[in-house]
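Below is one structure, written out as structure tokens, with a few remarks after it.
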Amino acid sequence: MKSDNVKVGVQQAPHRSLLNALGFTEEEMHKPMVGIVSSYNEIVPGHMNIDKIVNAVKLGVAEAGGVPVVFPAIAVCDSIAMGHVGMKYSLVTRDLIADSTECMATAHQFDALVMVPNCDKNVPGLLMAAARINVPTVFVSGGPMLAGRVKGCKRSLSSIFEAVGAHAAGNIDDAELLEFEEKVCPTCGSCSGMYTANSMNCLTEALGMGLKGNGTIPAVYSERLRLAKHAGMAVMELLKKNIRPRDSMTKDAILNALTVDMALGCSTNSMLHLPAIAHEIGFDFDIAFANGISEKTPNLCHLAPAGPTYMEDLNEAGGVYAVMKELADIGLLNTDCMTVTGKTVGENIKNSVNKDPEVIRTVDNPYSKTGGLAVLKGNLAPDGSVVKRSAVVPEMMVHEGPARVFECEEDAIEAIKGGKIKAGDVVVIRYEGPKGGPGMREMLNPTSAIAGMGLGSTVALITDGRFSGASRGASIGHVSPEAAVGGPIALVQEGDIISIDIPNYSLNLKVSDEELAKRRESWQPKEPAITTGYLARYREMVTSGNRGAILEIPGGNKTAEVK
């Protein structure tokens, strides 16, 4: 056992004395030591129940003959951090989570791990850590929130953000806004639509790192406690069989995840996180892979904000496995990939049933024949940009309009709510990329304001920042290269015509090469808003959005051989 490095031999007597101080018994000294990474805290609604999940995991581990040991991981609530300086500190936690978990697990020589994340950066951060540490590992999340209800209709977090825009436009009054505020988030859990947290939790199943239902069983269901106990038992079986994360998270598994992503209509943030996870196993993930997979993958789900269904509905319809079975039946998944069940993808999903074709469309009746995400390139985004096309109305799939240029999110929100943005405009928000922010803020406030003011079918938004999974409309993010490194988005001027063609994957500025060259000669980089602390170090190391905003060190990051 790996933990023998701290438990066995004369030289380890001091180590054992410290384990004695923890209350370890002689019997426990001879059992595998299983680290349980708990992202419990009292500020993130998606994490407030994780203490109960962790206790259930501990029972499962102990039942199966292991010694469970809990240690923490941080978590930021993106929505509480939204719209102010705090959002600069969200994406950057992904690397802090990965780094600190690697440190804790390696320093203490755990034999196996159970990761208990839930919200946006927790899940990818811990997946990155799992790939690095590479001891038997199972994921079990805190689970999604139940949908709220306003005036008899199901609602979610995006509803309240859009209600703020509707209030600014005078379309709803104070009392109606208050009703949304009080009812859209009725329980603990990750917010109830196909936002980033739920996207990534669903993709743990596609990657083979989570048990069936991990992405969809609601946080408040006792079924989730049973799932957590089984996760604790499962990790002990993985330890016996020596099945490790890099046996599951292979190149084929990541491409499976991208395919499932397209069918589910996941958040655009998955196009930051899948490349970062791939990087940890040595797979150079080009975001342009998305278009090839999208061309052959039908979009089967329209969960909020793209449609009127929610995570609880997906769960009742058969969950992620039912979606995967639809895809596997037409040959779109590699079913030989190993998973944390000790079985292959094909073995896991063979008996899965689509119980509600209105929630999970069948492959012969999809919402669209192409997947939920698209990567756009052109002279405005030579290295790519990302749009959740399953959440774009048909009339905005192709659009041309004048650029309305803003140097930060706050200025754009002021203009939108002030009635200064008109139908046909293309709002450009720059210097919000990984380096420029620094930290690559989400733009849920401006996209929600556009939708709430009734402009969602006539106004586009383009940024080198990113979008919440709760964003909808022609919202194009991750524009690369970003403005802070002199990308073409830095050269856009007020009134320039921008051409968007999502079906043909293009994003272009209708300005001549000669004019852009002239503008580049006079361009000066903008001073970053924050120059001290962690964000200053992050800014020096981070890459553009098209590479997953991974961190690079001098000489290049060392990763495992890709399978």
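Hydrogens, waters and symmetry mates play no part in the numbers below; they use all other heavy atoms, side chains included.
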Contact check, side chains of [X] and [Y], non-hydrogen atoms, under 4.5 Å:
| X | Y | result |
| --- | --- | --- |
| H273 | T196 | yes |
| F110 | V34 | no |
| V363 | D329 | no |
| K58 | V70 | yes |
| V69 | F24 | yes |
| R226 | K229 | no |
| L314 | M194 | yes |
| T339 | V345 | yes |

Is it the case that over 12 heavy atoms from other parts of the model lie below 6.0 angstrom from the [atom1] atom of [X]?
| X | atom1 | result |
| --- | --- | --- |
| K7 | NZ | yes |
| E63 | CD | no |
| R155 | CZ | yes |
| M1 | CE | yes |
| L22 | CG | yes |
| D284 | CG | no |

Per the side-chain contact (heavy atoms from CB on, under 4.5 Å) rule, which among P124, C266, C119 passes with M200?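 So the option named by the test is P124.
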If the test is side-chain contact (heavy atoms from CB on, under 4.5 Å), which one of I36, V61, L113 qualifies with V235?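 Only match with V235 under side-chain contact (heavy atoms from CB on, under 4.5 Å): V61.
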I'd like to check the side-chain contact (heavy atoms from CB on, under 4.5 Å) partners of P275; sequence neighbours left out, ordered by chain and number. F285, I287
For P72, the side-chain contact (heavy atoms from CB on, under 4.5 Å) test, sequence neighbours excluded, returns none
Identify the two heavy atoms, one from [X] and one from [Y], that lie closest to each other, and give their separation to 0.1 Å.
| X | Y | result |
| --- | --- | --- |
| Y310 | K154 | OH-O, 3.0 Å |
| A290 | M271 | CB-CE, 3.6 Å |
| L274 | A257 | CD2-CB, 4.1 Å |
| I293 | T297 | O-OG1, 2.7 Å |
| G265 | S390 | CA-OG, 4.0 Å |
| Y538 | D95 | CE1-OD2, 4.0 Å |

Report the distance from atom [atom1] of [X] to atom [atom2] of [Y], rounding to the nearest 0.5 Å.
| X | Y | atom1 | atom2 | answer |
| --- | --- | --- | --- | --- |
| N122 | T93 | CG | OG1 | 7.0 Å |
| I281 | M249 | CD1 | CE | 7.5 Å |
| I74 | I43 | CD1 | CD1 | 13.5 Å |
| T335 | K325 | OG1 | NZ | 10.5 Å |
| N299 | M262 | CG | CE | 9.5 Å |
| L157 | M82 | CG | CE | 7.5 Å |

Assess, by modelled atom type and distance only, whether the side chains of [X] and [Y] contain a donor and an acceptor separated by less than 3.5 Å.
| X | Y | result |
| --- | --- | --- |
| Y195 | S156 | yes |
| S368 | R389 | no |
| R441 | S90 | no |
| S480 | S544 | no |
| D252 | T250 | no |
| E205 | N348 | no |

Between the main-chain N or O of [Y] and the side-chain N or O of [X], is there a donor-acceptor pair closer than 3.5 Å?
| X | Y | answer |
| --- | --- | --- |
| S294 | T370 | no |
| K388 | R472 | no |
| D120 | C77 | no |
| H478 | V386 | no |
| N201 | A197 | yes |
| R547 | V542 | no |
| N49 | K52 | no |
| S141 | N214 | yes |
| N118 | H47 | no |
| T216 | M311 | no |

Inspect the contact between E237 and K240 and indicate whether a charged nitrogen and a carboxylate oxygen are less than 4.0 angstrom apart.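 A salt bridge links K240 with E237.
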Could you tell me whether K121 and D78 have a side-chain N and a carboxylate O separated by less than 4.0 Å?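 Salt bridge present between K121 and D78.
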If the condition is ring pair (Phe, Tyr, Trp, His ring centres under 6.0 Å), which residues does H302 pass it with, not counting sequence neighbours? Y367
Partner set under ring pair (Phe, Tyr, Trp, His ring centres under 6.0 Å) for F161, not counting sequence neighbours: none
Please tabulate, one pair per line, all N/O donor-acceptor pairs under 3.5 Å involving side-chain atoms of residues 125-136, not counting sequence neighbours.
unit_1, atom_1, unit_2, atom_2, d
R132, NE, E280, OE1, 3.0
R132, NE, E280, OE2, 3.3
R132, NH1, D99, OD1, 2.8
R132, NH1, E102, OE1, 2.8
R132, NH2, D99, OD1, 3.4
R132, NH2, E280, OE2, 3.2
N134, OD1, R246, N, 3.0

Between L96 and Y89, does a side-chain contact (heavy atoms from CB on, under 4.5 Å) hold up when you go through it step by step? CA-CA 11 Å; L96 288 174; Y89 288 85; over 6 Å; no
Stepwise, does the side-chain hydrogen bond (donor to acceptor under 3.5 Å, both in side chains) test hold for S471 with T447? CA-CA 6 Å; S471 292; T447 59; 2.9 Å; yes
Quick one, V359 with E316, criterion side-chain contact (heavy atoms from CB on, under 4.5 Å). Give me CA distance, side-chain angles, the key distance, then yes/no. CA-CA 9 Å; V359 176; E316 294 301 317; over 6 Å; no
Qualifying side-chain hydrogen bond (donor to acceptor under 3.5 Å, both in side chains) pairs, either residue in residues 255-266, two or more places apart: D261-S270
